[in-house]
Amino acid sequence: MDDALLALPPPVFGVLPEHPAFFESIGYQINGLAVVFIALGLIWAVMETIGIYFKRRDTTQRLAAAPPDAVIPTAESESPPDGQPTPELAAVIAAAVAFTMRGQRYRIEAIAPATYSDWAREGRRQIFASHQVR
Amino acid sequence: MLNDLIDFFRTTGFSLITWKMLVMWGVAGALLYLAIAKGFEPLLLVPIAFGALIANLPTRGVITAEMKPNGVYETAFFKVESQVLSEPSAGNLQSPSTPASPENRRTTRVERIEGGLYDFISQGIKLEIFPPLIFLGVGALTDFGPLIAMPRTFLLGAAAQLGLFVTFMGANLLGFTSKQSASIGIIGGADGPTAIFTCNKLAPELLGAVAVAAYSYMSLVPLIQPPIMRLLTTNKERRIRMKSLRKVSKLEKLIFALVVMIICILLVPDASALIAMLMLGNFLRECAVTERLVHASQNEIINVLTIFLGTSVGITMRADSFLAPETLKIIVLGVVAFGFSTAGGVLVAKVMNILNPHNPVNPLIGSAGVSAVPMAARVSQVEGQRYDTSNYLLMHAMGPNVAGVIGTAVAAGYFISTLKGSL
């Protein structure tokens, strides 16, 4: 760097003597924090801009991948499509969850049919529980 | 016969033991206890403590140390025996500052290099090879996905560098020089390799104390941070739930590595070695076609270097240089640095919520802006769950956590570039 630039006062270029004065030191710290914020802020701005493109691309790809004739269930439909719970079943599940989670915050995000038998699992649990662990 | 035995005793190391050495054995023992019994950063504290023990035994052929006229211990140097083959002509001799012209160059034949084991291994620190290579491994181990998915957490990583600069002033007021103050302040970044890199460039005489303080406090993050986090946040703030992070593509991660490297090196060239290696390691990881290299970086390279770095740092902890009031001051200033860094991250998270109330961040993730990866992020998660058991902050906290690594490297670059030429 040019010597003339280094000769500028510390608040601009932060060149400090071995034992700087109090305000000299504060100016140096502010400069340092500013450099860190500028560097990371710049990366943030660039990545945010790049992220906009990628978010749009993801949305477009998702829409393109969706089946064009997907059936959207309406409130009036009496028999929901395969795999979807009936309104009655959804109400029963919601009530069961509310009872189980009482006192805690929760949110039901999906209801999916179980792919295994809970009866078999409960049977296994009871058998294991009946053994004494030494 | 008795005289022979006495003569033999004089050749043993027992006669060279001093009370200061015994104190340092206690210090090494305490560090080993923290590492082994308490599990505090054992991968680093064990080699450091072991190195400290070696440094305070009357060893031969391990490391050379010499007291310089200014009272500073210089370690890890070796003697080169060489034969002068051609002398420069007297008329062409120039001052050392001017570049040597071909006619006044001296040709020598190196016949023997004499030094202890760690005179050579410690060159990895002296020549600033170990910290950047460790960053290669860190880059290969780090997933920047959470940060890319939520880049605004870069601000938290930047804010958590507050401690570095506040401690700089504190150290200056306590009588340390600017270079020493910067080396002490960098402890607040909670990034061991960066602290060693900076300290070696600016104040190598403090290397042992700074490294021990940095790694000890990194391991104490779960004890230091929570009280500050609780003090600065309300119950409501601690329960804030953040939106799920989007999935980040491979291409985006590759672009990120390049963008970070280019911007940081352009802005602070003195941090080039650290940033370049960090991003090289990450690029190798994300490009998914260099599996063997990634594996080597994540395992063999970083493991071997950790052993050498730890012991090389420990071996600088000789009683004569470590048992000084300065060491105690550095230990105290290290806590101050950590505290302010934690507070900086939390407070800026609160400011971000005021500016953008529709998409708030949980201020508890602000504390993760200190680098200590992934310990600081885990602290945010544990604290968050304390107040809402179904609130998972870990992935959100990883954003500022890895941003802190970049922020600390940038701060180190600032210190080095502005101070290396100062008086």
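So you know, we letter chains A, B, ... as the sequences are listed, proteins then strands, and number each from 1.
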**Report entry** Check: Ser178(B) side chain, Pro17(A) main-chain N or O, donor-acceptor pair, under 3.5 Å
**Finding:**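 Side chain of Ser178(B) to backbone of Pro17(A): a pair is present.
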Report task. For Ser417(B) and Asp270(B), indicate whether the former's side chain and the latter's backbone hold a donor-acceptor pair under 3.5 Å. Result ->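 Judged by distance alone, no pair lies under 3.5 Å.
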Query raised in the report: Are Phe197(B) and Asp191(B) close enough, and set up right, to give a side-chain contact (heavy atoms from CB on, under 4.5 Å), and what steps lead you there?
Result: CA-CA 10 Å; Phe197(B) 185 80; Asp191(B) 191 335; over 6 Å; no
Query - Contact origin within Arg107(A) toward chain B - heavy atom pairs under 4.5 Å - result: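 When you check distances to chain B, no heavy atom of Arg107(A) falls under 4.5 Å.
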Report task. Using non-hydrogen atoms and a 4.5 Å limit, figure out which bit of Val36(A) sits close to chain B: side chain, backbone, both or neither. Result ->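 Both backbone and side chain of Val36(A) come within 4.5 Å of chain B.
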Which bit of [X] comes within less than 4.5 Å of chain A, counting heavy atoms only: side chain, backbone, both or neither?
X: Leu155(B); value: both
X: Asp388(B); value: side chain
X: Leu147(B); value: neither
X: Phe415(B); value: both
X: Ala409(B); value: neither
X: Val248(B); value: neither

Query raised in the report: Between the side chains of Thr194(B) and Thr408(B), does any donor sit under 3.5 Å from an acceptor?
Result: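 Their side chains do not contain a donor-acceptor pair, so the 3.5 Å distance test is not met.
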**Report entry** SG on Cys264(B) to CG on Leu274(B), rounded to 0.5 Å
**Finding:**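 It comes to 10.5 Å.
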Query raised in the report: Using a cut-off of under 4.5 Å for heavy-atom pairs, which of Met169(B), Arg246(B), Gln180(B) has the most such pairs with chain A?
Result: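 Of the options given, most contacts go to Met169(B).
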**Report entry** Residue among Leu251(B), Ile262(B), Thr153(B), Leu164(B) with most heavy-atom pairs under 4.5 Å to chain A
**Finding:**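 So the answer, after comparing Leu251(B), Ile262(B), Thr153(B), Leu164(B), is Leu251(B).
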**Report entry** Criterion side-chain contact (heavy atoms from CB on, under 4.5 Å) on Thr100(A) and Tyr106(A), from CA distance to verdict
**Finding:** CA-CA 11 Å; Thr100(A) 311; Tyr106(A) 69 91; over 6 Å; no
Report task. Could you give me the CA-CA distance, side-chain angles and deciding distance for His358(B) and Asn356(B), then say whether side-chain contact (heavy atoms from CB on, under 4.5 Å) is met? Result -> CA-CA 6 Å; His358(B) 303 296; Asn356(B) 184 9; 4.2 Å; yes
Query raised in the report: Using the benzene-type ring in the case of Trp, are the ring centres of Phe168(B) and Tyr28(A) under 6.0 Å apart?
Result: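 Ring centres of Tyr28(A) and Phe168(B) closer than 6.0 Å.
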Requested in this report: Look at Ala39(A), Gly41(A), Gly32(A) and state which one has the largest set of heavy-atom pairs under 4.5 Å with chain B.
Outcome: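 Looking at each option in turn, the highest pair count goes to Gly32(A).
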